[in-house]
Amino acid sequence: MKIHHYVTLFVVLVLPTAVSSAQRATSPGTAQATLKAVSAAKAFLAALDERQRAKVSMELNSKTRSNWSNLPTGATFQNGATERNGLQLGNMTPIQQQAALTLVAACLSPAGYQKVMNIVNGDETLERTSAPSRPPTNRVRFGRAEYYVAILGVPSETQPWMIQFGGHHLAINVTLAGRENALTPSHTRSQPTMYSLNGQTIRPLGKENDKAFGLINALSPAQQKQAILDYEVKDVVLGPGHDGEVIQPEGARASGFSPAQRAMLLELVKEWVGILNDDAARSKMADIEANIAETYFAWSGPTTNGSRAYFRIQGPTVMIEYAPVGPGTDHIHTFYRDPTNDYGSKFIKP
């Protein structure tokens, strides 16, 4: 598998004096999302004491923005760090926690925020089931209290800044720069892949799974032969610690898909892109659709829903990976990147 270097980006919003053609195409609603996020950030900071604000507020630079991981508290991250940026929910009062989550929600779509909280609640389930058997010397911790909120840069309606919300198996990195929004790189996961909460069955990544199996089974035998890799992929390739890398596209190229198959592929992609607020997600989906003919869908594993299978979606401005970890299907990792705009590189210039 050939690896090249590139620049990665997070979610970014920008309102510059001189606007490019790409910026003019951005929905005015995206600028409103930035205003909403600025207001929520200021309210959150006002709810903290001086020590807490110092923890939450950090410089926005290449080192701070890349400090994210899929690993739990107590582990050493891929970049060598031992702690996430920001302040833990567990070190906030209930009112402060609500202000923190209001900030997270301000950047995301309603469905995206619900997906994020389903992941957080799933990790709380994991903590409750694993804690009784965990040795006292084991420093690893799961659960809602172990999720961190950080603000990189100064909340602004015009200048770039960033919100990070993450913990075990979750990294939401939203870069804001006026009317521009970016949500890459980001990480979502599911462990367990199904749990019960308040009498409801929750599948945090259920739609991603079902739509992917639907698509692979909607391909013709010839298309499946192109899509299914001739080697096994056991984990993601471009997770944390792999900023600035790309891989050679593999699988079936969507230029050969029917309109219905392309629509299914776009609906699958939207499960990641749609985490971001609706206006920014709509703009990003239009960008991906414009490059759909250059987008590839690759698969590794059986094609029967419920089986252990890896898949990858790769196009000029999108890279998505979905991988079961370990034996079985009860532990899933996914990552979403944009090789042209990770960390909002289109909008934040050196």
_Chi angles and distances behind the side chain to side chain contact (heavy atoms under 4.5 Å, CB included) call for Tyr147, Phe165_ = CA-CA 7 Å; Tyr147 284 77; Phe165 179 61; 3.9 Å; yes
_Are Thr188 and Leu205 packed together at the side-chain level, in the sense that at least one heavy-atom pair is separated by less than 4.5 angstrom?_
yes
*Honestly curious: do Ile119 and Met117 fall in one hydrophobic cluster under the side-chain, below-4.5 Å linking rule?*
yes
Identify every side-chain donor-acceptor pair in residues 266-275 under 3.5 Å, counting partners at least two apart or on other chains, and give the distances.
| from | atom 1 | to | atom 2 | distance (Å) |
| --- | --- | --- | --- | --- |
| Glu271 | OE1 | Lys115 | NZ | 3.2 |
| Glu271 | OE2 | Lys211 | NZ | 2.7 |
| Trp272 | NE1 | Thr334 | OG1 | 2.9 |

*Which pair of non-hydrogen atoms, one from Met194 and one from Asp330, has the smallest distance, and what is that distance?*
N-OD1, 4.3 Å
*asked:* For a salt bridge (Lys or Arg N to Asp or Glu O under 4.0 Å) check, start with the C-alpha distance between Arg141 and Glu127, then their side-chain angles and the critical distance, and finish with the verdict.
replied: CA-CA 7 Å; Arg141 294 292 181 270; Glu127 169 65 12; 5.2 Å; no
*Taking Arg312 for its side chain and Pro249 for its backbone only, find out whether a donor-acceptor pair lies under 3.5 Å.*
no
*Mind listing the closest non-hydrogen atom pair of Leu89 and Arg144 along with its distance?*
CD1-O, 3.6 Å
*Are the side chains of Gln96 and Thr93 in touch, meaning some heavy atoms are under 4.5 Å apart?*
yes
*Heavy-atom closest contact (Thr158 atom, Ser156 atom, distance)*: N-OG, 3.0 Å
*List for me each residue that meets side-chain hydrogen bond (donor to acceptor under 3.5 Å, both in side chains) alongside Ser109, sequence neighbours excluded, and say none if there are none.*
none
*Scan for ring-ring contact (aromatic ring centres under 6.0 Å, His included) pairs involving residues 197-216, sequence neighbours excluded, and state none if there are none.*
Phe213-Trp299
*Hey, are the side chains of His242 and Val237 touching, using non-hydrogen atoms and a 4.5 Å cut-off?*
no
*For Asp287 and Thr317, test the side chains for any donor-to-acceptor distance below 3.5 angstrom and give the result as yes or no.*
yes
*Out of curiosity, does Leu103 fall in the hydrophobic cluster containing Tyr148 (side-chain heavy atoms, cut-off under 4.5 Å, transitive links)?*
no
_Per the ring-ring contact (aromatic ring centres under 6.0 Å, His included) rule, what does the pair list look like for residues 32-63, sequence neighbours excluded?_
none
_Does Thr193 form a side chain to side chain contact (heavy atoms under 4.5 Å, CB included) with Asn209? I'd like the steps, not just the answer._
CA-CA 10 Å; Thr193 55; Asn209 176 88; over 6 Å; no
*Going only through I, L, V, M, F, W and Y residues with side-chain contacts under 4.5 Å, is there a path from Trp68 to Val325?*
no
*May I ask you to test the Leu126-His169 pair for a side-chain heavy-atom distance under 4.5 Å?*
no
*Side-chain donor or acceptor of Ser57 paired with backbone N/O of Ala54 under 3.5 Å*: no
*asked:* Please find the pair of heavy atoms, one from Ala106 and one from Ala37, that lie closest to each other, and give the distance.
replied: CB-CA, 4.0 Å
*hydrophobic_cluster_shared for Leu229 and Leu238, side chain cutoff 4.5 Å*: yes
_Within the 4.5 Å heavy-atom criterion, are Tyr322 and Glu208 side-chain neighbours or not?_
yes
*Can you name the residues that form a side chain to side chain contact (heavy atoms under 4.5 Å, CB included) with Glu294, not counting sequence neighbours?*
Arg253, Pro316
*side chain to side chain contact (heavy atoms under 4.5 Å, CB included) between Met162 and Leu176, intermediate numbers included*: CA-CA 6 Å; Met162 187 173 169; Leu176 314 164; over 6 Å; no
*By side chain to side chain contact (heavy atoms under 4.5 Å, CB included), which residues pair with Pro72, not counting sequence neighbours?*
Ala75, Val140, Phe142, His168
*Counting only heavy atoms not in Gln261, do more than 12 fall under 6.0 Å of its CD?*
yes
*Ser196 side chain to Gly199 backbone, donor-acceptor under 3.5 Å*: no
*Mind listing the closest non-hydrogen atom pair of Pro204 and Asn118 along with its distance?*
CG-O, 3.9 Å
*Sequence neighbours excluded, every pair satisfying salt bridge (charged side-chain N to carboxylate O under 4.0 Å, His left out) that has a member inside residues 185-202*: Asp123-Arg189
*Does any pair with a residue in residues 164-174 pass salt bridge (charged side-chain N to carboxylate O under 4.0 Å, His left out), and if so which ones, sequence neighbours excluded?*
none
*Could you list the residues that satisfy side chain to side chain contact (heavy atoms under 4.5 Å, CB included) with Ser62, not counting sequence neighbours?*
Arg65
*Can you tell me which residue pairs pass the salt bridge (charged side-chain N to carboxylate O under 4.0 Å, His left out) test with a partner in residues 45-58, sequence neighbours excluded?*
Lys55-Glu83
*For the residue pair Ala218 and Met264, what are the closest heavy atoms and their distance?*
CB-SD, 3.7 Å
*Looking only at atom types and distance, does a side-chain atom of Glu289 sit under 3.5 Å from a main-chain N or O of Ala286, one as donor and one as acceptor?*
no
*Answer yes or no: is there a side-chain heavy-atom contact under 4.5 Å between Asp210 and Arg203?*
yes
_Under the rule for side chain to side chain contact (heavy atoms under 4.5 Å, CB included), what residues qualify as partners of Arg308, not counting sequence neighbours?_
Glu232, Pro324, Thr329
*Does Ile313 reach the side chain of Tyr296, with side-chain heavy atoms less than 4.5 Å apart?*
no
*asked:* Using modelled atom types and a 3.5 Å cut-off, is there a donor and acceptor pairing between side-chain atoms of Ser283 and backbone atoms of Ala280?
replied: no
*asked:* Once ring-ring contact (aromatic ring centres under 6.0 Å, His included) is applied, what residue pairs with a partner in residues 186-205 remain, sequence neighbours excluded?
replied: His187-His333, His187-Phe335
*Run through Val154, Ile348, Ile151 and flag the one making a side chain to side chain contact (heavy atoms under 4.5 Å, CB included) with Trp161.*
Ile151
_Less than 4.5 Å apart, side chain to side chain, heavy atoms only: is that true for Gln32 and Asp279?_
no
*Do side-chain atoms of Gln226 reach the backbone of Ala298 as a donor and acceptor pair under 3.5 angstrom?*
no
*Test side chain to side chain contact (heavy atoms under 4.5 Å, CB included) on Asp338 and Val318 and set out the steps.*
CA-CA 5 Å; Asp338 179 346; Val318 64; over 6 Å; no
*asked:* For residues Leu276 and Val38: do they belong to one hydrophobic cluster (side chain heavy atoms under 4.5 Å, members Ile, Leu, Val, Met, Phe, Trp, Tyr)?
replied: yes
